[in-house]
J.: 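Mind having a look at this structure? Questions to follow.
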Amino acid sequence: MFRALLDIVFPPLCHACRAFIPGAGRLHLCPACRGEITPIVSPLCTICGVPFLTPGGIDHPCGPCIISHPRYSAARAALPFDGVTRDLIHHFKYDRKVHLAHPLALLAAEALTPSVASWDADLLLPVPLHRRRLRERGFNQAVLLGKPLAKLWGIPLVVNNLRRTRWTEPQVTLAAGERELNVRGAFALVDPAAVKGRRILLVDDVYTTGSTVMECSKVLRKGGAAEIYVVTVARAVAG
Ligand SMILES: [Zn+2]
Ligand SMILES: [Zn+2]
């Protein structure tokens with residue numbers, strides 16, 4: 001009865017298509033939109049997590065990771081950055097729909113919990129925003145995602161150590177080759193001793209070329225972090 005009344009006052013709408021969904025569940029996605037969201041699965045690169053296009057086969061390091069091992073230990077993303085997932089992330093970041101952090105974190109946790117459990121990280125660090133961008137946007141999407149994930153995974157959340165010290169142009173406006181240069185030297189640790197010998201879990205919303213998390217990893221390695229793992233809700237995938 002109470003539930004039915006709530007549905008009239010606050011009709012549960014699908015976060016993606018705004019369809020009315022009685023019994024919306026924790027994700028608040030209609031069955032059609034939910035059905036379009038399929039996680040990234042094996043076979044994938046054991047290091048950077050890029051999915052291989054041919055189905056079947058086993059996980060193994062991809063060519064680029066063999067040639068040059070990323071500065072992080074391993075990276076995994078829950079979902080391909082397309083379709084409904086891309087719409088949700090765009091609404092979340094650019095339309096300030098901050099409540100979407102919750103379903104996005106749940107979707108990430110669904111796919112990433114086994115990897116995260118195997119890594120046994122000590123600290124969870126969201127990728128920081130420059131304070132000017134934070135002022136413009138009003139929130140850091142990686143922090144909003146990191147909070148529920150830290151709670152779910154039981155890993156302490158640290159938001160004030162890794163800092164973005166230099167203003168950078170939004171990575172989305174740049175070509176792949178320019179991204180690495182754009183973020184070079186953009187991060188610093190306030191307290192390097194706090195990461196020394198620790199296993200760090202970096203959290204961000206989207207992995208595109210990996211330039212941002214690579215640069216964060218460089219700083220964390222310099223600070224003496226033992227391992228650096230990266231999780232993102234989504235990852236840009238070819239095709
Ligand atoms: Zn929908
Ligand atoms: Zn790889």
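Indexing begins at 1, ligand by ligand and atom by atom, following the structure's order. All values derive from a computational prediction rather than experimental measurement.
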J.: Can you tell me if Cys17 has an N, O or S atom under 2.8 Å away from the Zn ion (ligand 1)?
T.: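 Yes, since at least one N, O or S atom of Cys17 sits under 2.8 Å from the Zn ion (ligand 1).
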J.: Would you please indicate if the ring centroids of His99 and His15 are separated by under 6.0 Å?
T.: yes
J.: Any chance NZ of Lys93 has more than 12 other-residue heavy atoms, nucleotides or ligands included, within less than 6.0 Å?
T.: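 Yes.
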J.: With the Zn ion (ligand 2) at the center, what angle do SG from Cys65 and SG from Cys62 span, rounded to 10 degrees?
T.: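 Value returned, to the nearest 10°, is 110°.
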J.: Is a side-chain donor or acceptor of Arg235 paired with a backbone partner of Pro51 at a separation under 3.5 angstrom?
T.: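 Checking the backbone N and O of Pro51 against the side chain of Arg235, no donor-acceptor pair under 3.5 Å is found.
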J.: Rounded to the nearest 10°, what angle sits at the Zn ion (ligand 2) between SG of Cys48 and SG of Cys45?
T.: 110°
J.: Quick one: are Asn140 and Val159 in side-chain contact, heavy atoms under 4.5 Å?
T.: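 No - every pair of side-chain heavy atoms lies 4.5 Å or more apart.
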